[in-house]
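Atoms considered below: every heavy atom in the structure, side chains included; atoms not considered: hydrogens, waters and symmetry mates. Indexing begins at 1, ligand by ligand and atom by atom, following the structure's order. These numbers come from a predicted model, not from an experiment.
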Amino acid sequence: MITIIGSINLDLIARVERLPAPGETVPGTDFSTAPGGKGANQALAARRAGASVRMIGAVGADSFAGQALNLLDKAGVDLTQVKKTAAPTGTAMILVGGDGENVIAVIPGANAEVSAPDVASAGLGRGDFVLLQHEISLTAVEAALKTARAAGAVSLLNTAPFHADAARFLAMADYVIANETEFDLYVTRLALAGENREERMRAFAGRTGRVIVVTLGGDGVMAATPEQFFHVPAFPITPVDTVGAGDTFCGYLAAGLSEGLALEPALRLAAVAGALACLKPGAQPAIPLRAEVDAVLPKAG
Ligand code: RIB
């Protein structure tokens with residue numbers, strides 16, 4: 001069982017030929033809505049990878065809530081611990097440019113109501129997996145990491161979006177998953193020594209005894225444990241929309257590890273899934289099924 005404690009949003013998505021500069025107006029070509037939120041996206045990815053998944057989070061008592069939870073519900077994610085609050089369902093305003101790149105502004109709404117007592121009621125046990133991100137309050141994230149450690153659960157923390165204050169608890173997670181920008185921003189705060197990113201990742205793993213995973217977009221993914229270092233190349237694709245690719249990677253990585261894969265094959269599985277998620281528009285609608293990932297995996301080397 002994988003427990004995801006995190007955000008649930010409705011994504012309001014505009015496609016534009018190119019992303020505007022500050023103060024600039026550009027014409028859009030298409031508007032759509034889709035379920036999103038880093039927590040919910042990762043929950044759906046883990047479920048589509050084949051894991052049993054439950055979601056702990058919050059939505060509003062509004063019309064967006066049903067849309068935001070629709071794909072999780074259809075996929076069979078346990079939603080019994082998603083609470084309804086007076087605050088509105090979280091939303092994300094997303095612009096996707098012609099090259100597949102994006103900019104996102106998130107309005108947390110109900111996600112800000114996820115709190116330490118919600119984590120306590122999760123009833124985490126030995127051997128459970130818990131997957132967290134930074135789109136709910138950092139206090140709740142920190143409480144979840146403490147609870148997971150006390151219970152003997154395996155914790156994975158995705159450091160998106162970047163929050164400097166999270167530096168204080170990164171080392172409480174068994175697996176830290178950052179993109180290259182996030183990792184580089186934590187380097188100074190954590191005083192990680194080294195001439196390059198690999199050395200700094202090794203410094204983190206050596207000091208903390210944890211695993212650090214850094215995603216590099218088109219350059220693949222690197223991971224350091226206290227004893228080993230891996231570099232898994234990217235599966236080559238031409239991206240249509242990169243929204244949710246990192247979330248797909250995290251959900252698949254958690255699923256791979258929870259089914260007993262060693263770190264390197266779990267990274268390969270997750271890297272292919274993340275690449276395939278860039279081939280369709282939207283975050284959750286683009287998350288591939290396990291059969292689609294397995295079909296491509298042998299070609300990924
Ligand atoms: O990581 C992508 C997600 O970030 C989107 O689905 C959006 O909701 C924001 O949370």
Contact atoms of ligand 1, heavy-atom distance to G36 under 4.0 Å:
6 (O), 8 (O)
Please check if V214 and V211 belong to a single hydrophobic cluster, counting links between Ile, Leu, Val, Met, Phe, Trp and Tyr side chain heavy atoms closer than 4.5 Å.
no
Can you report which non-hydrogen protein atom sits closest to atom 4 (O) of ligand 1, along with the distance?
K38 NZ, 3.1 Å
Ion pair present between E180 and R197, side-chain N to carboxylate O less than 4.0 angstrom?
yes
the protein heavy atom lying closest to atom 10 (O) of ligand 1 turns out to be E135 OE2, 2.6 Å
Suppose I only count heavy atoms of A283 and a 4.0 Å limit; which atoms of ligand 1 are within that range?
6 (O)
Taking NZ, NE, NH1 and NH2 as the nitrogens, is one of them in R18 or E24 under 4.0 Å from a carboxylate oxygen of the other?
yes
G37 to ligand 1: N or O pair under 3.5 Å?
yes
Of all the non-hydrogen atoms in the protein, which one sits nearest to atom 8 (O) of ligand 1, and at what distance?
D11 OD1, 2.6 Å
Top protein contact for atom 3 (C) of ligand 1, by heavy-atom distance:
N41 ND2, 3.6 Å
Measure the shortest side-chain to side-chain distance between P285 and K280 over non-hydrogen atoms and say whether it is less than 4.5 angstrom.
no
Please collect all ring pair (Phe, Tyr, Trp, His ring centres under 6.0 Å) contacts where either partner lies in residues 169-192, sequence neighbours excluded, each pair once.
F162-Y186
Specify the protein heavy atom at minimum distance from atom 2 (C) of ligand 1: its residue, its atom name, and the distance to 0.1 Å.
D247 OD2, 3.3 Å
Any Lys/Arg nitrogen of E259 or R290 sitting under 4.0 Å from an Asp/Glu carboxylate oxygen of the other?
yes
Within a strict 4.5 Å, meaning less than it, do heavy atoms of the I4 and Q133 side chains meet?
yes
Check ligand 1 against A92 and write out every atom of the ligand that is under 4.0 Å from a heavy-atom position of the residue.
7 (C), 8 (O)
